[in-house]
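Report on one structure; see the data block that follows.
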Amino acid sequence: MSRRELQFLDAQDEDDASSSQSGSPSASEDETGYPSSDDDSPAVCGKKGHCAGFIGARYFDCPNKPCYLCGQSGHSTMTCPFRIDPGHGCSAAPGSNPTDGVQWEVLRREQGAAGAAAPGLPPQRKRWQVESAVLRLHDRRVVCLEFHPRNQNIVLSGSKGGRIAVWDMEKVYERTVYRSINFWLTSALKFAPGSDGLACATCSYDSTVKIFDVETGAATTLHTATPREWRGPVEEDGSWITQMAMDVMQGGIVVAGDNKGMLYFCDPRHSSAFATMQAHKKGTKVQLERVQSVAGNPVDANLLLTAGNDYAARLLDLRVLGGKQEAGAEVPRAELASLQHSKVINAAYFSPITGRKILTTSQDNRLRVWDYVYTSDQEPDRMIVHSNNFNRYLTPFRAEWDPKDLTERLIVCGRYISEDFGGVALHPVDLLDASTGELVSELVDPNLTTISPVNKLHPNQELIVSGNSRSLFVWRPAPDGELVRDIGLTASNSISDQLSLAAAAGYTFFDADESETPKKKAKFATGAPKTDDAGESTKKKPPRKRKKDEEGP
DNA sequence: ACGTTATGTAACC
DNA sequence: TGGTTACCCTAACG
């Protein structure tokens with residue numbers, strides 16, 4: 001039996017024990033395994049005779065719907081084969097296992113000959129725990145994160161409200177929040193490659209691309225998609241132009257993408273884009289033309305990777321920028337390859353060191369990995385089934401590379417669907433191996449009960465920052481977190497142990513809404529279901545008469 | 001306390 | 001084709 005399966009079955013056993021005590025009294029399981037409802041309220045699919053939703057910390061899929069995770073029919077998320085398989089259904093890349101012998105040696109020689117870093121050991125399994133947190137740093141949910149290139153303790157974050165926060169992770173209570181750089185959602189924060197950290201690039205739903213001074217917040221506009229500062233509807237149809245994503249190329253060119261599928265190429269020395277390009281556009285009934293992601297190649301200054309909600313990621317060659325585009329052409333002239341997906345793509349990134357691999361996050365619940373840029377016009381080398389489908393009110397999930405992993409294998413991605421961790425439904429932050437599809441670590445903390453869609457691995461330190469609604473959490477490997485090669489399920493690293501460890505250890509946190517001094521966690525709400533409350537789970541909601549999301553009368 | 005609102009997406013009719 | 005409804009969602013505002 002595989003490790004993953006062991007862990008999975010174990011979690012189920014715990015569920016069964018706890019749900020028999022705290023399960024909803026109105027639900028009972030029938031022979032299909034699905035709970036049946038005694039009341040006649042429809043559940044999810046509109047049909048009667050069953051219910052879907054949380055019972056305690058465990059979620060039951062609607063039996064009439066396909067699996068929430070992989071999208072196939074015939075099973076539920078709980079029994080999804082992609083979830084149970086250690087590699088999530090992937091075949092590992094050749095040479096990804098050091099015991100591969102000859103293959104490993106050939107790969108080492110090949111990559112070494114090309115001047116790339118020699119492959120090291122596979123990503124290490126570690127136990128991570130929260131070290132510090134800043135609560136309610138932002139006015140609205142966190143959208144983007146960026147580490148300061150010089151000061152290792154500083155992390156910048158942008159919010160849906162537009163605010164940009166500069167937070168000192170070490171001091172915890174020290175932060176600056178800029179409220180007037182962007183007027184609406186700050187969609188990206190990027191330091192130029194080799195930046196000294198004085199100036200940072202940003203773009204916003206207020207349609208601007210700016211560079212601002214990290215110390216003072218003084219901002220210079222590189223481009224505005226509207227004639228004036230954003231203050232309301234812009235287009236004839238009442239919509240407006242929002243800058244969705246941005247990156248700074250190796251050569252210092254700032255590239256931003258908007259909700260009309262346009263790319264804007266900006267020179268930091270000028271106040272307007274020097275070139276534009278229609279990169280994404282598809283559909284007649286509904287226009288799918290939003291740019292979701294923009295990324296420059298870390299090695300080749302001419303290579304750009306964009307992703308859109310038109311189900312395509314595009315590999316672009318900027319040397320063709322000046323060329324004339326045929327009127328009505330659907331494919332940008334500069335396109336080298338089009339990476340087709342079956343749903344909206346949230347992000348597409350080159351691997352951080354060699355720039356040879358590509359990682360995409362799609363709303364079809366799959367992370368796709370291409371091992372070589374030059375075969376990106378073919379099927380991906382790996383599709384990792386991972387829950388990164390999202391609904392409204394959440395920042396889209398974006399799987400990101402570990403910038404310090406010389407093997408370019410470790411990636412981080414938040415998880416949408418929850419899992420029962422010792423009676424608590426939590427949404428872990430996942431570390432995965434892009435070469436095998438294996439889950440390397442799942443980061444959970446009992447105080448982190450909501451979803452963390454924004455996560456970033458530090459370029460130098462063993463540190464991860466997670467953005468969770470308005471707050472930021474800093475993870476580090478546990479002090480006693482020695483390398484666990486054969487993880488199995490032992491008393492020392494079981495999930496329930498991890499939870500109690502985190503709860504007992506305590507960490508420094510700072511409530512930016514209320515306090516002026518940091519606190520050491522004394523007693524922090526655990527988020528666990530209240531056992532003295534007649535089995536009422538915190539996840540359970542009172543019955544509602546009005547249908548969810550229904551408009552008022 | 002609770003209802004409403006907030007520019008998503010896609011399946012389904 | 002256009003309208004309607006639902007989603008393992010969050011949190012602020014009245």
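Note on naming: letters A, B, ... go to the chains in the order of the sequence lines (proteins, then strands), and numbering restarts at 1 for each one.
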Report the nucleotide, chosen from [options], that has the shortest atom-to-atom distance to any side-chain atom of [X].
{"X": "A:Tyr311", "options": "B:dA10, C:dC9, B:dG8", "result": "B:dA10"}
{"X": "A:Lys160", "options": "B:dT7, C:dC9, B:dT9", "result": "B:dT7"}
{"X": "A:Val344", "options": "B:dT7, B:dG8, B:dA10", "result": "B:dA10"}
{"X": "A:Lys343", "options": "C:dT10, B:dA11, B:dT7", "result": "B:dA11"}
{"X": "A:Trp184", "options": "C:dC9, B:dT7, B:dG8", "result": "B:dT7"}

So that I know where these two stand, are A:Tyr416 and A:Phe390 an aromatic pair - ring centroids less than 6.0 Å apart?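 No, they do not, as the ring centres are separated by 6.0 Å or more.
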Distance, P atom - from C:dT5 to B:dT4, rounded to whole angstrom: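 Comparing P positions in B:dT4 and C:dT5 gives a spacing of 16 Å.
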Roughly how far apart, to the nearest Å, are B:dT7 and C:dG14 at atom P?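 That atom pair is separated by 15 Å.
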Spacing between [X] atom [atom1] and [N] atom [atom2], to the nearest angstrom:
{"X": "A:Asn389", "N": "C:dA6", "atom1": "CG", "atom2": "C1'", "result": "13 Å"}
{"X": "A:Leu394", "N": "B:dT7", "atom1": "CG", "atom2": "C1'", "result": "16 Å"}
{"X": "A:Asp310", "N": "B:dA10", "atom1": "CG", "atom2": "C1'", "result": "16 Å"}
{"X": "A:Tyr205", "N": "B:dG8", "atom1": "OH", "atom2": "C1'", "result": "10 Å"}
{"X": "A:Asn388", "N": "B:dT9", "atom1": "CG", "atom2": "P", "result": "15 Å"}
{"X": "A:Phe397", "N": "C:dC9", "atom1": "CZ", "atom2": "P", "result": "10 Å"}
{"X": "A:Asn346", "N": "B:dG8", "atom1": "CG", "atom2": "P", "result": "13 Å"}
{"X": "A:Gln363", "N": "C:dC7", "atom1": "CD", "atom2": "P", "result": "17 Å"}

For A:Phe397, ring pair (Phe, Tyr, Trp, His ring centres under 6.0 Å) partners two or more places apart: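 Checked A:Phe397 against ring pair (Phe, Tyr, Trp, His ring centres under 6.0 Å); zero matches.
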Taking only residues two or more places apart in sequence, or in another chain, which ones meet A:Tyr264 in a ring pair (Phe, Tyr, Trp, His ring centres under 6.0 Å)?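 Listed in chain order: A:His223.
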Heteroatom pairs (N/O) under 3.5 angstrom, protein to nucleotides 11-13 of chain C:
from	atom 1	to	atom 2	distance (Å)
C:dA11	OP1	A:Ser469	OG	2.2
C:dA12	OP1	A:Arg470	NE	3.4
C:dA12	OP1	A:Arg470	NH1	2.7

Can you name the side chain to side chain contact (heavy atoms under 4.5 Å, CB included) partners of A:Ser362, sequence neighbours left out?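 Partners of A:Ser362 by the side chain to side chain contact (heavy atoms under 4.5 Å, CB included) criterion, ordered by chain and then number, come out as A:His341, A:Lys343, A:Asp364, A:Arg368.
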Out of A:Glu419, A:His88, A:His386, A:His75, which residue meets the side-chain hydrogen bond (donor to acceptor under 3.5 Å, both in side chains) rule with A:Arg83?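 Among A:Glu419, A:His88, A:His386, A:His75, the one that satisfies the side-chain hydrogen bond (donor to acceptor under 3.5 Å, both in side chains) with A:Arg83 is A:Glu419.
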Look at all strands and tell whether A:Tyr416 reaches a base, only sugar-phosphate, or nothing, counting heavy atoms closer than 4.0 Å.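 Sugar-phosphate, backbone atoms only, no base.
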Sequence neighbours excluded, every pair satisfying salt bridge (Lys or Arg N to Asp or Glu O under 4.0 Å) that has a member inside residues 424-433 of chain A: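 For residues 424-433 of chain A: A:Arg409-A:Asp433, A:Arg415-A:Asp430.
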State which residues pass salt bridge (Lys or Arg N to Asp or Glu O under 4.0 Å) with A:Glu174; sequence neighbours excluded, sorted by chain then number.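 Per chain and number, A:Glu174 pairs via salt bridge (Lys or Arg N to Asp or Glu O under 4.0 Å) with A:Lys171.
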